[in-house]
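Structure record follows, encoded as structure tokens.
All values below come from the heavy atoms of this structure, side chains included, with hydrogens, waters and symmetry mates left out. Owing to the predicted nature of the structure, the values given are computational and were not obtained by experimental measurement. Note on naming: letters A, B, ... go to the chains in the order of the sequence lines (proteins, then strands), and numbering restarts at 1 for each one.
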Protein chains: 2
Amino acid sequence: MSEKTTIYDIAKALNITAATVSRALNNNPKISQSTRKLVLETANKMNYKQNKLALALRSGKSNNVGVIVPRINTNFFASVIRGIEEELHPEGYQVIICQTHEDENREIENINTLLNAQVDGILMSISNLPDENNHYIERVIQKNIPLIFFDRKKEIKNVSSVTIDDYMASYQTTQHLLEQGCDKIAYFSGDRSLEIYEDRYRGYEQALLDNNISINKDYIINIKSNVVEGRDAVEKLLALENPPNAIFSTSDFAALGAIQKLKEHGIKIPEDFCVFGFGNEPFTKFMELSISSVDQSPLEMGKTAAQVFLEKINNKENKKSEIQVVLMPKLLIRQSSTRIASI
Amino acid sequence: MSEKTTIYDIAKALNITAATVSRALNNNPKISQSTRKLVLETANKMNYKQNKLALALRSGKSNNVGVIVPRINTNFFASVIRGIEEELHPEGYQVIICQTHEDENREIENINTLLNAQVDGILMSISNLPDENNHYIERVIQKNIPLIFFDRKKEIKNVSSVTIDDYMASYQTTQHLLEQGCDKIAYFSGDRSLEIYEDRYRGYEQALLDNNISINKDYIINIKSNVVEGRDAVEKLLALENPPNAIFSTSDFAALGAIQKLKEHGIKIPEDFCVFGFGNEPFTKFMELSISSVDQSPLEMGKTAAQVFLEKINNKENKKSEIQVVLMPKLLIRQSSTRIASI
DNA sequence: TAGATTTGTGTAATCGATTACATGATGTTA
DNA sequence: TAACATCATGTAATCGATTACACAAATCTA
């Protein structure tokens with residue numbers, strides 16, 4: 001009924017041993033052509049499918065890799081995952097996706113679950129694992145399971161990473177806004193305990209300093225990546241004695257909220273106020289007022305992270321080395337920040 | 001080094017056998033309190049983690065379930081998956097997500113991969129598996145693995161399903177557009193070989209007939225779910241001798257494209273033209289002109305599908321029954337279709 | 001043609017956890 | 001105290017595939 005054919009069934013049918021069947025199926029050279037042909041035919045006829053669990057148990061390789069992301073319903077993470085799958089499926093790996101929903105405990109749970117599932121590697125974009133919980137990471141490293149951070153990384157020994165140059169992206173964006181004539185640029189930051197947000201902040205800061213503009217702390221607002229927080233932040237900014245004339249938001253969603261609120265206040269974009277987002281979510285392009293944003297090459301990021309994993313798993317000598325790949329960001333300058341037509 | 005503690009290691013450390021260790025860890029009553037305590041302490045000290053692969057091999061249960069969707073980067077599917085995870089994680093299941101990208105071969109590959117991985121169940125939203133490939137589905141059923149369709153289903157014996165009442169959603173939407181004074185309603189259809197699209201079409205058709213409006217075949221356009229197809233479809237419609245004054249799009253993305261193009265033609269929405277979408281993608285709410293849409297309760301759909309799976313896996317008698325759950329759709333009437341303020 | 005080599009299969013251990021059955025050590029009852 | 005129940009633990013098979021080693025038959029060499 002439940003119809004599970006094993007190599008023992010095939011062996012019995014042909015009056016040989018399971019070892020021979022296994023050899024025939026695995027192209028082991030120590031087998032006669034006639035037997036091989038017979039086994040392959042019978043296996044086919046009996047609809048044999050290799051039991052990956054048995055294989056995994058014996059070999060110690062599950063052929064699963066785990067991917068941990070904050071959430072999958074943004075274009076960015078969905079595209080990274082697609083990139084990972086495109087590289088890994090052809091190599092015979094299944095991808096197990098876990099979401100943290102930005103919850104630190106969930107992140108730890110996910111790591112444990114993946115380790116229990118005996119994954120061969122973990123690719124993750126960290127949520128906000130505090131330093132005191134680094135031992136969860138250490139356990140992965142000790143087990144000799146390749147760990148690769150993408151996008152949101154943390155500097156840890158023996159852990160590889162694939163990121164974009166967030167500092168550069170941020171510097172260039174700020175520079176662009178200055179060139180558009182915006183001299184009072186507010187900044188929506190993410191949690192700066194994460195490297196990417198720290199790097200982006202530094203880029204913003206350095207660009208201002210290089211243009212002899214001092215930092216106004218009132219312009220720096222911490223937000224979460226959603227529309228409502230963008231709206232609220234604008235309310236705060238407009239209430240200032242000296243309100244800004246541009247916003248650089250490290251989240252497209254917050255940028256959208258900001259634009260909504262600015263319009264409600266009758267402020268004209270980009271004439272009176274420029275807005276720049278980050279992430280190139282599809283909607284930024286579709287809006288009536290298209291939103292400028294930084295493209296993070298998510299597909300490429302996913303593919304690269306997968307390649308780093310393969311590199312680590314295949315070259316045992318390299319296992320302990322840290323591979324760090326930094327991709328180049330692309331500024332997509334759209335209507336929300338274009339006062340002066342570019343060349 | 002690689003530090004894998006097994007029950008044998010614990011047994012050796014305590015000078016007892018693995019069987020006893022196993023019993024202690026599994027709360028087997030046939031064990032003394034003192035031994036149990038000792039084993040648990042030692043297991044903890046040695047950082048023991050159960051090897052799920054060995055467990056899976058022996059029990060025949062992998063504690064993995066497969067989810068197959070066309071893609072994960074829409075809010076709808078991402079939310080369904082979240083719902084599935086929320087129900088299944090607490091029960092100890094891991095969710096393996098596969099994307100088909102609407103490709104029929106990819107769909108077959110995914111089914112095979114999941115079967116190889118010995119998943120305990122498959123939840124899927126089919127892409128466009130043609131009837132002649134039904135034997136891939138049959139194989140799943142024969143293996144006695146619960147199969148549950150959600151959203152995009154197919155009528156197959158022994159397969160359960162969770163859907164919304166697409167006919168009703170479509171009927172009510174059409175009725176709503178008629179009440180807004182739109183008497184020439186164009187319809188963007190998906191592939192009608194899929195039940196949901198057939199049902200939606202029937203709802204549209206019946207609502208028109210019930211209002212004594214005959215079907216204009218020129219108004220029925222087949223589209224794929226993206227912005228560009230929506231734009232192109234509008235071009236075709238506006239070129240008609242007798243163009244429509246409303247569009248009911250079974251895709252939010254196509255509805256967005258349609259609105260863009262209509263505006264480019266200087267057509268006022270909703271005054272001159274109403275548009276209604278389907279799916280309640282987040283952007284529909286955020287647009288300057290918010291887009292009316294049908295909410296499909298994706299979170300609830302995912303949770304329900306997961307519950308059906310649990311029902312099937314736990315009650316062996318029910319395994320052969322087909323459970324079919326139909327959720328109620330919710331019309332979200334926003335600016336793009338509101339000429340007459342509702343009560 | 002005796003001895004060496006090659007070739008194809010079989011035997012049995014292994015991966016880690018579970019569990020039916022066996023066994024020995026207690027405790028209980030008449 | 002003989003007979004028996006109870007309790008805790010050990011023994012060994014099992015899940016399915018792979019592979020080092022053993023071995024017999026076929027082939028080759030001088």
Side-chain angles (χ1 to χ4, degrees), chain A residues 2-40 42-43 46-64 92 115-120 143-145, chain B residues 2-40 42-43 46-64 92 115-120 143-145:
Chain A
S2 61
E3 198 214 338
K4 277 187 196 169
T5 307
T6 71
I7 54 171
Y8 295 93
D9 300 325
I10 299 174
K12 201 179 287 173
L14 295 176
N15 207 25
I16 56 179
T17 62
T20 306
V21 174
S22 173
R23 281 188 277 252
L25 293 170
N26 288 288
N27 280 324
N28 187 311
K30 291 186 164 189
I31 194 128
S32 71
Q33 283 305 315
S34 57
T35 311
R36 166 170 298 148
K37 198 171 158 231
L38 204 57
V39 168
L40 290 177
T42 313
M46 297 177 77
N47 193 24
Y48 168 78
K49 289 272 187 279
Q50 188 187 48
N51 184 324
K52 302 279 183 191
L53 291 177
L55 182 63
L57 177 59
R58 177 151 218 284
S59 67
K61 306 263 112 218
S62 67
N63 279 313
N64 287 149
L115 290 181
N116 282 353
Q118 313 283 127
V119 292
D120 297 343
K143 288 206 174 197
N144 223 4
I145 293 173
Chain B
S2 60
E3 198 213 338
K4 278 186 194 168
T5 307
T6 71
I7 52 171
Y8 295 93
D9 299 325
I10 299 175
K12 201 179 287 170
L14 295 176
N15 207 25
I16 56 180
T17 63
T20 304
V21 175
S22 174
R23 280 188 278 254
L25 293 171
N26 288 287
N27 279 325
N28 187 311
K30 290 186 163 190
I31 194 132
S32 70
Q33 283 306 317
S34 57
T35 311
R36 165 168 301 144
K37 194 169 162 236
L38 204 58
V39 169
L40 290 178
T42 313
M46 297 176 79
N47 194 22
Y48 169 77
K49 289 273 186 279
Q50 188 187 46
N51 183 326
K52 302 280 182 191
L53 291 177
L55 182 61
L57 176 59
R58 177 148 217 282
S59 68
K61 308 264 111 215
S62 68
N63 280 314
N64 287 150
L115 289 181
N116 282 355
Q118 312 284 124
V119 292
D120 297 342
K143 288 207 174 196
N144 223 3
I145 293 172

Please name all residues satisfying side chain to side chain donor-acceptor pair (under 3.5 Å) with [X], sequence neighbours left out, ordered by chain then number.
| X | value |
| --- | --- |
| A/Asn26 | A/Ser22 |
| A/Thr42 | none |
| A/Ser59 | none |

Could you give all pairs that pass the salt bridge (Lys or Arg N to Asp or Glu O under 4.0 Å) test and reach residues 49-60 of chain A, with sequence neighbours left out?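 As it turns out, there is no salt bridge (Lys or Arg N to Asp or Glu O under 4.0 Å) pair with a partner in residues 49-60 of chain A once direct neighbours are skipped.
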
Applied to residues 10-34 of chain B, the salt bridge (Lys or Arg N to Asp or Glu O under 4.0 Å) test, sequence neighbours excluded, yields none

Kindly indicate whether the side chain of [X], heavy atoms from C-beta on, has any atom under 4.5 Å from the side chain of [Y].
| X | Y | value |
| --- | --- | --- |
| A/Tyr48 | A/Val21 | no |
| A/Asn51 | A/Thr6 | no |
| A/Leu57 | A/Gln118 | no |

Nucleotide range of DNA chain C contacted by chain A, 5' to 3', under 4.0 Å to a heavy atom? C/dG8 to C/dG16

Just checking A/Ile7: base, sugar-phosphate only, or nothing, at a heavy-atom cut-off of under 4.0 Å?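 Counting heavy atoms under 4.0 Å across all strands, the contact made by A/Ile7 includes a base.
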
Is B/Asn26 touching bases, backbone alone, or none of the nucleic acid, heavy atoms closer than 4.0 Å?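 If one applies the 4.0 Å heavy-atom cut-off, B/Asn26 turns out to touch the sugar-phosphate alone, with no base involved.
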
In Å and rounded to the nearest 0.5 Å, what is the CG to OG1 distance from B/Leu14 to B/Thr35?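 The CG atom of B/Leu14 sits 9.0 Å away from the OG1 atom of B/Thr35.
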
Can you tell me how far CD1 of B/Ile10 sits from OG1 of B/Thr17, rounded to the nearest 0.5 angstrom?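 Reported to 0.5 Å precision, the distance equals 12.0 Å.
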
Could you list by number each residue of residues 15-23 of chain A showing a heavy-atom separation from DNA chain D of less than 4.0 Å, or answer none if no residue does? A/Ala19, A/Ser22, A/Arg23

Might you point out which heavy atoms bring B/Leu53 and A/Leu53 nearest each other, and give the distance in Å? CD2-CD2, 3.8 Å

Near-strand residues of residues 29-40 of chain A, defined as heavy-atom separation under 4.0 angstrom from DNA chain C: A/Lys30, A/Ile31, A/Ser32, A/Thr35

Please identify each residue that fulfils side-chain contact (heavy atoms from CB on, under 4.5 Å) with A/Asp120, with sequence neighbours left out.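 Partners of A/Asp120 under the side-chain contact (heavy atoms from CB on, under 4.5 Å) test: A/Lys61, A/Ser62, A/Asn63, A/Tyr93, A/Phe309, A/Ile313.
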
With each end axis built from five pairs of C1' atoms, what bend angle do you get for the helix from C/dT1-D/dA30 to C/dA30-D/dT1? Round to 10°.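 Comparing the first five pairs with the last five, the axes sit 50° apart.
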
Going by the rule salt bridge (charged side-chain N to carboxylate O under 4.0 Å, His left out), which residues pair with B/Lys37 if we only count those two or more places apart in sequence or in a different chain?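 Checked B/Lys37 against salt bridge (charged side-chain N to carboxylate O under 4.0 Å, His left out); matches are B/Glu41.
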
Judged by each residue's nearest nucleotide on DNA chain D, which is more toward the 5′ side, A/Leu53 or A/Asn28? A/Leu53

